[in-house]
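Read the numbers this way: they start at 1 and go in the same order the structure lists the ligands and their atoms.
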Amino acid sequence: MSNQIIVIVEHLKGNIEDISFEMLGKGKEIAGNIGGELVALLMGSGVDGMAGQLGIADNIIYVDDANLEEYNPQAYCKTVAAVVGDKQPKMVMIGNTSMGMDIAGGVSVDQNMPFIAYVSGISTDGSTVTSSLYGGKMDVDSSPSADGFIVSIIAGSFPADAGRSEGSPAVEKVAAPDLSGLSVQFKQLIEPEGGDVDITQQEVLISVGRGIQSDENLPMAEELAVKLGGAISCSRPIVDSKWLAKTRQVGKSGLKVKPKLYLALGISGAPEHIEGMKDADLIIAVNTDPNAPIFDYAHYGIVQDLFDFIPALSDKL
Ligand SMILES: Cc1cc2nc3c(=O)[nH]c(=O)nc-3n(C[C@H](O)[C@H](O)[C@H](O)COP(=O)(O)OP(=O)(O)OC[C@H]3O[C@@H](n4cnc5c(N)ncnc54)[C@H](O)[C@@H]3O)c2cc1C
């Protein structure tokens, strides 16, 4: 086994995803503490220009193949497995994303390497890994195998800025494994509705739940969001009712957010919702029910009707 930490670089339409920088920053810290080497694995076709954004890595492994031009789970899984098999790294870091979750399980089986999913923390020497169980209801610390292991990292777990660095690390070009005869073929990229704000990047989120009662009441929450310099997000019933776009949904089947302020208005605090917002710096919940579970997670709880709370706060602002 080598002392390498390999980060799988995720990119879409020419942009490296933030999760890659999160992992590179954390990987660099661990590599520094164990005298290891941080390696970025970049796969695609004609994307070698991205290497300049991966300056934090000690080394880049670049695999260029026409079959890797668009994301294909089978092709990417085979390629990662081939590189991992060759390099025998200490740790492989993959995003806990749609793409990462596709790849990680396959590589784990192929390489007989333990895989810890839903990871939100790793100790500075990589010896303890914290991951979520039961849809975020419980965190568990594991001591991973000394013979090498795979982790998939939940987006927002580490600062992305720590992994951003321009530079020109050494690039090792590696040929793709045999990718002929793939049974999975890329057909079409279906993009989400464009033009909406990215709630994962907002510092202030005003989040509404079923307590808002009707889409006619949304403007008062939106007005509050504007006054506080933030954006509006919501629980799932609001999206199911088509009052807000899916891009605004926080939670298990929505997005994981980590704003400085999360103001929850009329949200009960179901586990599926909590999973998406429990890491916010400051959580303030407004709910008429003093026993609402959201109060177990809120730093400040206000037992009040949101239709009294919103105008009162708006007036103050
Ligand atoms: C597989 C799966 C995935 C899911 N994924 C998600 C997800 O990603 N995100 C998500 O949010 N949910 C998700 N859910 C749904 C989740 O279980 C809950 O049903 C949902 O979060 C409840 O939303 P809510 O809190 O807005 O509504 P409710 O649970 O109905 O709560 C409404 C709250 O508003 C309060 N209230 C009512 N009127 C007022 C008022 N005037 N002023 C103040 N408070 C008031 C009530 O006391 C209550 O606590 C998922 C469920 C499943 C099974």
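Residue contacts with ligand 1, taken as heavy atom pairs separated by less than 4.0 Å, involve A270 solely via side-chain atoms from C-beta onward. The part of V250 lying near ligand 1 is the backbone, judged by heavy-atom distances below 4.0 Å.
Distances below 4.0 Å separate heavy atoms of G251 from the following atoms of ligand 1: 7 (C), 8 (O), 9 (N). Near G254, meaning under 4.0 Å from one of its heavy atoms, ligand 1 places the atoms 8 (O). Close approach to D289 involves these atoms of ligand 1, each under 4.0 Å from a residue heavy atom: 47 (O). Close approach of ligand 1 to G209 is summarised as follows: ligand atoms under 4.0 Å from at least one heavy atom of the residue are 26 (O). Set against the non-hydrogen atoms of Q304, the atoms of ligand 1 under 4.0 Å away are 42 (N), 43 (C). Those atoms of ligand 1 that come under 4.0 Å of a heavy atom in T288, given as number and element, are 36 (N), 39 (C), 40 (C), 42 (N), 43 (C), 44 (N), 45 (C), 47 (O). Short contacts between ligand 1 and F307, defined as distances under 4.0 Å to a heavy atom of the residue, involve ligand atoms 41 (N). Contact atoms of ligand 1 toward D305: 40 (C), 41 (N), 42 (N) (distance under 4.0 Å to a heavy atom of the residue).
The presence of a protein heavy atom under 4.0 Å from atom 8 (O) of ligand 1 is confirmed.
Here's the thing with G266: one of its N/O atoms is less than 3.5 angstrom from an N/O atom of ligand 1. At a 3.5 angstrom cut-off on N or O pairs, L306 counts as close to ligand 1. For ligand 1, the polar-atom distance check finds no N/O of P237 at less than 3.5 Å from any of the ligand's N/O atoms.
With respect to atom 2 (C) of ligand 1, the closest heavy atom belonging to the protein is R236 NH1, 3.5 Å. Looking only at protein heavy atoms, the nearest one to atom 14 (N) of ligand 1 is E272 CB, 3.5 Å. S253 OG, 2.7 Å is the protein heavy atom nearest to atom 5 (N) of ligand 1. Closest to atom 48 (C) of ligand 1, if we only count protein heavy atoms, is N287 ND2, 3.8 Å.
E10 and T97 share a donor-acceptor pair across their side chains, judged by distance under 3.5 Å alone. Counted by atom type alone, D65 and N67 present one or more donor-acceptor pairs between their side chains at under 3.5 Å. With 3.5 Å as the limit, one finds no donor-acceptor pair spanning the side chains of S253 and E272.
Across S268, P290, A285, G211, heavy-atom proximity to atom 29 (O) of ligand 1 is greatest for S268.
Hydrophobic clustering of Ile, Leu, Val, Met, Phe, Trp and Tyr side chains at less than 4.5 Å, counting indirect connections, keeps I153 apart from M101.
Closest heavy-atom contact between I199 and L205: O-CD1, 3.8 Å. Shown here for I6 and K87, the closest heavy-atom pair between the two residues is CD1-CB, 4.1 Å.
Sorted by first and then second residue, the ring pair (Phe, Tyr, Trp, His ring centres under 6.0 Å) pairs involving residues 75-102 (not counting sequence neighbours) are Y71-Y76.
To the nearest 0.5 Å, atoms CG (D147) and CG (N112) are separated by 10.0 Å. Atoms CD1 and CZ, on I103 and F115 in that order, are 10.5 Å from each other to the nearest 0.5 Å.
Exactly one of D48, L41, V174, V9 qualifies for a side-chain contact (heavy atoms from CB on, under 4.5 Å) with Y62. That residue is D48.
In terms of modelled atom types and a separation under 3.5 Å, the side chain of S108 and the main chain of M113 share a donor-acceptor contact.
The local environment of OH in Y118 is sparse, with at most 12 non-hydrogen atoms from other residues, nucleotides or ligands closer than 6.0 Å.
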